Structures are given as structure tokens and as C-alpha cells.
Amino acid sequence: MSDAITGRRRVPSPENDPNLTYAPGTPARAELKTRLASMASETVDIPIVIGGKEIRTGATEPSVMPHKHGHVLGHFHKATADHVRQAVDAALVARKEWSSWSFEDRAAVFLRAAELLTTTWRSTIVAATMLGQSKTAYQAEIDAASELVDFWRFNVAFAQDLLSEQPSSTHAIWNQMEYRPLEGFVYAISPFNFTAIGGNLAGAPALMGNTVVWKPAGTAMLSNYYVMKLLEAAGLPPGVINFVPGNAVEISNVLLDHPDLAGIHFTGSTAVFNSMWQRVGQNLGKYRGYPRLVGETGGKDFIVVHASADPQEVAVAAVRGAFEFQGQKCSAASRMYVPKSRWNDIRDRMVAMMKDIKMGDVRDFRNFMGAVIDKKAFDKIGGYIDDAKKNAKVIQGGGYKGDEGYFIEPTLVEASDPAYRLMCEEIFGPVLSVYVYDDAKWAETLEIVDRTSPYALTGAVFARDRAAVREASSALKNAAGNFYINDKPTGAVVGQQPFGGARASGTNDKAGSKTNLVRWVSMRTIKENFAPPTDYKYPFMAEE
Ligand code: NAD
């Protein structure tokens, strides 16, 4: 029916990209190791890309390996305010052509990019993510390969669904909905922690016909640059996405003050998103329209354990959920609530696993953890650990060493006060704080979980007792945008668990969903009358 209305051709049905295991003996492992070695032996010169042209300013910053920070992987050229203005001009010029392309033509670019990423580009993007962001092979695989492939493929199918939503019509009146790209350019600002997020923040608005100025994070430059190159290789026309590395504040000042700013697609910390929102508010009189503000921000993600939970399941979920990728996932478990009757058992199981965890250079595949992203993060997390040493009990870990790489041990802290700052604030590192509650205080504990932090991104309940699951799900309805039952709060899969949180965690537009794509179009309703009236009078006005 919808096809008949829109005349659209069906896009391929998306399926989640299967993760490669990189187990010993697999060809993928051999290829990845070769790519890691070759990439580690070169220094990439990363330009600004505006209107398809590479620009080198000479003012550069190095991209290093967080696990071996003396090793420079590349240098990226930083944009000046002039370059940022040029990027907007290039986006606005490209918009004329790109927005007139059929949806199918735009979709084909992203489907081809996804195909390249699953095949010939896979080892490059995965290796760049491992080296530049210190992810293990598996963590890089589920992010930079599978999740990005999924974003691009699923968004195409979601977009098709959206475009085929049409109003009803009659024989004389034909109503149509046109999904126009926004008037102006979209500003995409991506975080360091997921390569896939950069590809999606820039890609989703572009798929809907917009053109984009993309500011990648300085600490994810290598992988993000390769994503840009991959999109070009897939046929993305010049100027549709402009790659603009540089000083975040300087770039933002130009873009947020620009009259053609049509939208912001942001993922990162709450404070930065708040500052951008405020600037947009101050600038409202300057813009052509109301910019769309989409931001996925911080979290203080919880695991709440009921006395009926299985202790081994809890311990595994906590260790994986809190320490994979060094706890630098927005969804990482960072506070946990355990009943007194279960604590010793769960603690001992966790401590045994934590003692077993290997941490080091991600090129050594035996490591479960790499380094945290940079010195700033290292110092901040170290500060929290020092605080815990004074004001709480460090059960396991607590060591950190930054001379060669920014390594922080997986750390388990027990807090006697549920309002202790490590239970409330986003740390963004491998630190899990636990509050042990009295078994009789399950309902009160749920209230504490709900009230403790301003965020509401992810959370998990572990219980065998269904009544406890129901109670937690209801009491914590607004405490998480992604809620897990007997599973760790990380690892959302595109198309399966649309991702995003509310409260201080963002606008909850669910990355990789139709809801997100709606934000990048401005609808025009068209009514066509096949039999316009020819008399201004209505029938009731006639003489009896
Ligand atoms: P960040 O806020 O420091 O940086 C994000 C981006 O904003 C980067 O590109 C950065 O250069 C830029 N930026 C920094 N200061 C800016 C400013 N004043 N004006 C404009 N742009 C500025 O975040 P990060 O350290 O890269 O990422 C970690 C944060 O991201 C955590 O808070 C995490 O919870 C959040 N995150 C959230 C999600 C989600 O889906 N909710 C996903 C991933 C990361």
C-alpha cells in the first residue's frame, strides 16, 4: 500500500552484522594483526575535508595510542574560524544537489558504505579504533564494524518506513506528506568513545537529505578520518559531510552563531550539550528556523540486585558492564546496589574475576582491558580513586600508572553512604561503586536508585523473583532510557535495543531508530484538490 502511494522501491531488509570473533586461527585475526602492524608503523597526516578538498593548515595536533602515549599514529590539522565558515558554505552548496537526489540514491551511498565496511575496510577501521582509542579487538569490532554497519543499514530501512507514512486521501482530495531536509546545515559533534557514533551522527542527517559539518573528537581522530574516507569511497558527494577537526570551542562559536544552523546532532557530556543549548537559546533571533537539538549525554548507570538474583550472573554482568573498554561507555555500570545477604558471595566472585583480568596494549589479544583515553581522563579517574581511598573502602584494584600508557586498574569500591559522590557522579572510567543495602529495604533502595543521580541512561535489575522485577521496572520507570532485566546495562544493538536516555542523559531520540530520523526532516503537507469548488456559497445558505 505504502509503495503504491510513494512509488518507492524496497530497500534491502537489514540484518545485524555478525561480529567476528578474532579467535586464534581465524583469517580475520591474521588480517587484523597485519593491519595493526602496518598502521602502527606509519604516521598519518589527517587533513580537514571541506567540499571534498583536503586542507592542511600546518597547525597540527598528534593522535597517539592511549596505551603507549609516546607512539604517534598521526597528526591532524586544525581548522581556523575561516575554515569553519568555508565548511558551512560547502555544505550549503552541496545541499542544493544532494537534497534533490531521490531517497534511493542517497540510501545506496550508505548501503555501499556498510558493504565496504563489512568487507575490505573492516580491518582498517577496527585497527584504527584499537590503536587510537585503546579498544580490544572485540570491543573495536562491536563498535567500529558491526554497530556502524547496523546504523547505516537499519537507518535506510527506518527512513523508508518513515517516508512511506502518508495521510489519507479521498477521490477528490489527494494529501501527501513530503519529508524535506532541514533548511540550513546540521552540526554533528561526536565523542571519542564510539567510532560508530561519529558515523551515525553525521550519517543519519545526511541520509535524510541534509548536509553536515562534522566535528570529530580530538582523541578519536584516526578512526573517524578513516570513516570519512570510507564514505567518500562509497560515493558520498563532496560537501555532503565536511570533516572539521580542531578546537571544539572555536568551531562551535562559529557554527552556533551561524544563521543557517538547522540542527545539532551531539553525543558527549551533559555539560557540553548544556552549554550549546544555552548558546542556541541566546541566538534564537539570529536563526532562520528553530534548530533541532538532539543530544545523547552522560550517565550514571546502575545495577540493582534483588536477593533472589543468581550471584554468578550478577558478578559477570558487573565485571563486563563496568570494566569493558575501561568503563568508558556511556552505558557502563558505575553504581551497584546489593543486598547484604548476597554481598560477600557476589563480591568474592567479582574479585576473583578482577584479579584474573589482564590489562595492557590492545595488540596483545590476551588483554581484556586497554588504557583510558588521555591524561585528562586518567587524572580525573585517579582523583576519584584517591577520594575512595580516603572516604570509602577500595575492595579491589585502585592502582593506576600513566608513564607509558594511561592504565587504571578495574576498581571496586564499597560506599557506606548511597549519596557518596562516587555513587552519584559520572566518572567515565573502570570504577564501580557498590552500596550494600539491608535486604528488608528493597522498596526504599529502589527509591534511592531513582533519586541518586541526575542521569537516566541505562540500568539493570537482577532478580529471579518476577514480583521484584515488576516492582523495580515500575519504580525505575524514569531512571533509565534503556532498562535491562537480568542482563548487563551495556551493549545495545541497533534495531534491537534503540538507545538513549532522558533526564540529564539527553533528548532520548534513540540513536539508530525512526524516531531519530524524524528530527532531520521538516514535513510539508500537500493537499491537492481535483474538484475545486466553483461557488463561494455553501448549500445551507439556499432559500427553503
Ligand atoms: P565531551 O563532551 O568531552 O566531547 C564530546 C564532543 O564535544 C567532542 O567532539 C568534543 O571535542 C566536543 N566538545 C568539547 N567541549 C566542547 C564545547 N565547549 N563546545 C562544543 N563542543 C565541545 O565527551 P567525550 O569525553 O568525548 O565523551 C564522553 C561523554 O559522552 C560521557 O559523558 C558519555 O556519557 C557521553 N556519551 C553518551 C552517549 C549516549 O548515547 N548517551 C554515548 C557515548 C558517550
Side-chain angles (χ1 to χ4, degrees), residues 50 79 81 83-96 98-99 155 159 162 178-191 197-198 200-217 239-244 246-298 500-524:
I50 296 176
H83 295 115
V84 182
R85 282 187 279 272
Q86 285 169 27
V88 174
D89 292 345
L92 295 176
V93 168
R95 187 184 177 282
K96 290 192 190 111
W98 179 246
S99 64
N155 273 347
L162 175 64
E178 192 180 317
Y179 294 86
R180 302 169 302 181
L182 308 179
E183 245 189 317
F185 70 93
V186 172
Y187 177 22
I189 310 110
S190 53
I197 292 180
N200 183 52
L201 293 183
L207 174 66
M208 304 313 287
N210 298 281
T211 51
V212 178
V213 178
W214 173 21
K215 198 213 79 61
V240 172
I241 296 177
N242 300 280
F243 182 79
V244 183
N247 180 287
V249 175
E250 280 176 28
I251 292 173
S252 282
N253 285 350
V254 174
L255 296 177
L256 299 180
D257 291 356
H258 200 289
D260 288 305
L261 177 74
I264 293 179
H265 204 191
F266 174 83
T267 300
S269 59
T270 303
V272 169
F273 189 52
N274 288 356
S275 72
M276 288 197 290
W277 193 304
Q278 275 158 358
R279 191 152 181 138
V280 166
Q282 284 157 8
N283 279 341
L284 271 187
K286 284 191 191 168
Y287 304 127
R288 193 199 281 259
Y290 291 96
R292 301 279 169 91
L293 305 180
V294 176
E296 298 302 333
T297 57
R503 294 187 182 162
S505 291
T507 53
N508 202 10
D509 290 292
K510 299 291 186 205
S513 77
K514 192 159 83 173
T515 327
N516 177 281
L517 300 181
V518 171
R519 305 299 308 273
W520 309 120
V521 288
S522 175
M523 289 174 251
R524 177 166 80 141

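Bear in mind that the values here come from a model prediction, so they are computed numbers and not experimental data. These values consider heavy atoms only, across backbone and side chains, with no hydrogens, waters or symmetry-generated copies.
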Just distance, no hydrogens or angles: give the donor-acceptor pairs under 3.5 Å from side chains in residues 87-95, sequence neighbours left out.
from	atom 1	to	atom 2	distance (Å)
Arg95	NE	Leu182	O	3.0
Arg95	NH2	Leu182	O	2.8

Between [X] and [Y], what is the shortest heavy-atom contact and its length?
X	Y	answer
Ala159	Leu207	CB-CD2, 4.1 Å
Val244	Ile251	O-CD1, 3.6 Å
Gly506	Thr297	N-OG1, 3.1 Å
Pro216	Phe243	CG-CE1, 3.5 Å
Asn247	Glu250	OD1-N, 2.9 Å
Met276	Leu256	CG-CD1, 3.8 Å

Is it true that a side-chain atom of [X] and a backbone atom of [Y] form a donor plus acceptor pair closer than 3.5 Å?
X	Y	result
Arg292	Val521	yes
Asn516	Ser513	no
Arg288	Asp260	no
Asn242	Trp214	no
Trp98	Ala206	yes

Got a sec, which residues hit side chain to side chain donor-acceptor pair (under 3.5 Å) with Glu178, two or more places apart in sequence or on another chain?
->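 If we apply the side chain to side chain donor-acceptor pair (under 3.5 Å) test to Glu178, skipping adjacent residues, the hits are Arg524.
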So, do [X] and [Y] sit near enough that their side-chain heavy atoms are less than 4.5 Å apart?
X	Y	value
Glu296	Pro191	no
Trp520	Leu162	no
Leu255	Phe185	yes
Phe266	Val272	yes

Nearest 0.5 Å, please: how far is [atom2] in [Y] from [atom1] in [X]?
X	Y	atom1	atom2	result
Ile189	Ile197	CD1	CD1	13.0 Å
Tyr290	Leu284	OH	CG	6.5 Å
Lys286	Asp257	NZ	CG	4.0 Å
Asp509	Arg519	CG	CZ	4.5 Å

Could you walk me through whether His258 and Tyr187 pass ring pair (Phe, Tyr, Trp, His ring centres under 6.0 Å), step by step?
-> CA-CA 11 Å; His258 200 289; Tyr187 177 22; over 10 Å; no
Pair Asn200-Asn155, side-chain donor/acceptor within less than 3.5 Å =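 The answer is yes; a qualifying pair exists.
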Do Asn508 and Lys510 have side-chain atoms, one donor and one acceptor, less than 3.5 Å apart?
->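 Short answer, yes.
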